[in-house]
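Notes follow once the structure below has been shown.
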Amino acid sequence: MNEIAKKLISWYLVNKRDMPWRNTTDPYKIWLSEIMLQQTRVAQGMPYYLSFINAFPTVHDLAKANEDEVLKLWQGLGYYSRARNLHATAKFVSRELNGLFPNNYNGLLSLKGVGDYTASAIASICFGEPKAVLDGNVFRVLSRVFNIDTPINESIGKKEFALLASELLDKDNPATYNQAIMEFGAIHCKPQSPLCNNCILIDSCQAYKSNRVKELPVKLKKIKIKKVYYNYIVPISHNNDTVLVKRPPKGIWANLFEFPLIESPKEITLSQLVLSDKLKQLGLESNTPVLYNENSIVHKLSHRHIYTKFWIIDVDEISNNKVSFTEIEKYPVPVLIANFIKDFCKNN
DNA sequence: AAAACGGGGTC
DNA sequence: GACCCAGTTTT
């Protein structure tokens, strides 16, 4: 075993955090944890993992659920295609594979929602297959230890780091090694304020030697944030019913529920809202909308800022997509909508 | 190769 | 405000 792998594993055995998915090699649990932790911090994913295992102890239980139930439990975790792919894969494994997950990298890679990282993680942790994981932590640790400034989000960089990662892998113990380098990146070789003054790799770290730790890893192509303007129409009937509609199966918040939505190129006023014939299409032209929030609520996602206004309309009766406020919490909704419902119910 | 896809933590 | 997180899929 190479010297760096040896040090990482020694460090890991002493410093690893105790996590529920670290006490098992059950592919179902490892798979679930890996999907949940894609682009997600452990602290954020943990409560979701526990509630999923509680609700769906086996892949068969998850397979039997409705997609709405799965999305509801996923609510707030983001990247909802993960939840839909999770459910689809559970149904596939339960029904087509007799509940047995593929036991190798290539088989795992064919599952929906399982890419190179996740297939490597499951294959190594559950089956001891010598595949090196390459995630944000590994990019960071390797870029620093070897002082590599190739951009990690371009294909040339991915190839270079993938080669290096597989060379460094301890092929006799890929499960421990992979978790060790990720854990080391997560809690020691952190993005900001890495703990260089007390580091097991201090003698090996080329970036530290060159005082370049802060600059690594290099990532190019900053994402551009788009502004969008959402006007939600919230009908309220006398007996406390409202309307929720299901979003389309593609795009942001796919298959989640929301109030009827009118998008506009910029913020609009009441008169502009009434002029739009959308209200007519919705059959909600009986009464005048009342703006609920004086200032637009800015909901910030990584790639867009959503400027949101909620408009309340009193109506006599609701014909389509009727939802009672007493049952509204059963529907999976974006955090933006959940926040509104919470605030609205507090004040009414 | 680039864009789309969430929400929350940290500095 | 900018960056990042146990990335994958679609365009």
Side-chain angles (χ1 to χ4, degrees), chain A residues 12 16-17 19 21-22 29-49 71 74-86 88-89 108-122 124-125 131-141 151-159 162 165 175 177-187 189-194 214-226 228 247 249-256 298-306 332-339:
Chain A
Y12 177 68
K16 67 176 177 181
R17 295 166 289 181
M19 298 196 261
W21 50 86
R22 287 206 166 132
K29 292 179 176 174
I30 300 300
W31 164 73
L32 178 61
S33 71
E34 292 299 346
I35 300 295
M36 283 186 163
L37 293 177
Q38 289 167 2
Q39 293 290 283
T40 304
R41 286 163 204 281
V42 168
Q44 188 186 3
M46 180 76 79
Y48 288 85
Y49 174 83
L71 286 172
W74 199 273
Q75 181 179 312
L77 199 54
Y79 284 162
Y80 297 93
S81 67
R82 291 184 294 171
R84 300 195 312 278
N85 286 332
L86 183 86
T89 291
L108 290 159
L109 191 59
S110 70
L111 301 174
K112 279 187 186 175
V114 175
D116 178 60
Y117 162 78
T118 305
S120 300
I122 301 173
S124 61
I125 293 172
K131 293 288 285 187
V133 293
L134 193 50
D135 75 331
N137 294 306
V138 177
F139 276 120
R140 186 167 53 256
V141 172
I152 63 169
N153 55 349
E154 294 187 345
S155 52
I156 176 73
K158 286 177 187 168
K159 276 183 197 165
Y177 170 82
N178 274 338
Q179 295 182 83
I181 190 169
M182 288 193 285
E183 186 79 336
F184 183 73
I187 68 180
C189 193
K190 298 181 291 181
Q192 294 152 315
S193 317
K214 295 191 306 295
E215 306 164 31
L216 298 169
V218 172
K219 197 182 274 188
L220 296 162
K221 292 178 264 184
K222 287 183 185 111
I223 63 159
K224 207 175 107 197
I225 294 172
K226 197 196 310 180
V228 296
R247 288 186 61 92
K250 290 201 170 195
I252 187 174
W253 300 331
N255 286 7
L256 272 64
V298 188
H299 189 71
K300 295 180 177 177
L301 307 178
S302 50
H303 55 299
R304 70 179 83 177
H305 287 179
I306 304 174
V333 297
V335 167
L336 173 64
I337 301 298
N339 288 345

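Here is how names work: the chains are called A, B, and so on, in the same order as the sequence lines, proteins then strands, and each is numbered from 1. As a basis for the values below, the full set of heavy atoms in this structure was taken, side chains included, without hydrogen atoms, waters or symmetry mates.
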Protein proximity profile, nucleotides 4-11 of chain B - base contact B, sugar-phosphate-only contact S, no contact -, cut-off 4.0 Å on heavy atoms: -BBBBB-S
What distance, rounded to whole Å, do you find between the two [atom1] atoms, one in [N] and one in [M]?
N     : M      : atom1 : result
C:dA6 : B:dC11 : C1'   : 22 Å
C:dT9 : B:dG8  : C1'   : 23 Å
B:dG9 : C:dT8  : P     : 24 Å
B:dA3 : C:dC3  : P     : 16 Å

Spacing of NZ belonging to A:Lys250 relative to OG belonging to A:Ser81, to within rounding of 0.5 Å: 11.5 Å
From A:Asp116 atom CG to A:Lys131 atom NZ, the distance as rounded to the nearest 0.5 Å: 6.5 Å
Listed partners of A:Glu154 passing salt bridge (charged side-chain N to carboxylate O under 4.0 Å, His left out), at least two apart: none
Separation of atom [atom1] in [X] from atom [atom2] in [N], rounded to whole Å:
X        : N     : atom1 : atom2 : value
A:Glu154 : B:dA3 : CD    : P     : 11 Å
A:Met19  : C:dC5 : CE    : C1'   : 13 Å
A:Arg84  : C:dT8 : CZ    : P     : 16 Å
A:Tyr48  : C:dA6 : OH    : P     : 16 Å
A:Lys221 : C:dA2 : NZ    : C1'   : 18 Å
A:Ile223 : C:dG7 : CD1   : P     : 16 Å
A:Ile35  : C:dT8 : CD1   : P     : 7 Å
A:Phe139 : C:dG7 : CZ    : P     : 10 Å

Distance-only donor-acceptor check, side chains A:Tyr117 and A:Gln38, under 3.5 Å: no
Intermediate values then yes/no, side chain to side chain contact (heavy atoms under 4.5 Å, CB included), A:Val141 and A:Val138: CA-CA 5 Å; A:Val141 172; A:Val138 177; 5.9 Å; no
Out of C:dA6, B:dA2, C:dC3, whichever nucleotide has its closest atom nearest the side chain of A:Lys222: C:dC3
A:Lys221 side-chain N/O to A:Asn153 backbone N/O, donor-acceptor pair under 3.5 Å: yes
Upstream residue (5' side of DNA chain C) when A:Ile225 and A:Ser33 are each assigned their closest nucleotide: A:Ile225
5' precedence on DNA chain C between A:Lys112 and A:Met182 (nearest-nucleotide basis): A:Met182
Residue pair A:Leu32, A:Lys29: steps toward the side chain to side chain contact (heavy atoms under 4.5 Å, CB included) verdict: CA-CA 5 Å; A:Leu32 178 61; A:Lys29 292 179 176 174; 5.7 Å; no
Students often get this wrong, so: under 4.0 angstrom with heavy atoms, is [X] touching a base, only sugar-phosphate, or nothing?
X        : answer
A:Asn178 : nothing
A:Arg140 : sugar-phosphate
A:Val114 : sugar-phosphate
A:Trp21  : base

Within 6.0 angstrom of A:Lys226 NZ, more than 12 heavy atoms from elsewhere: no
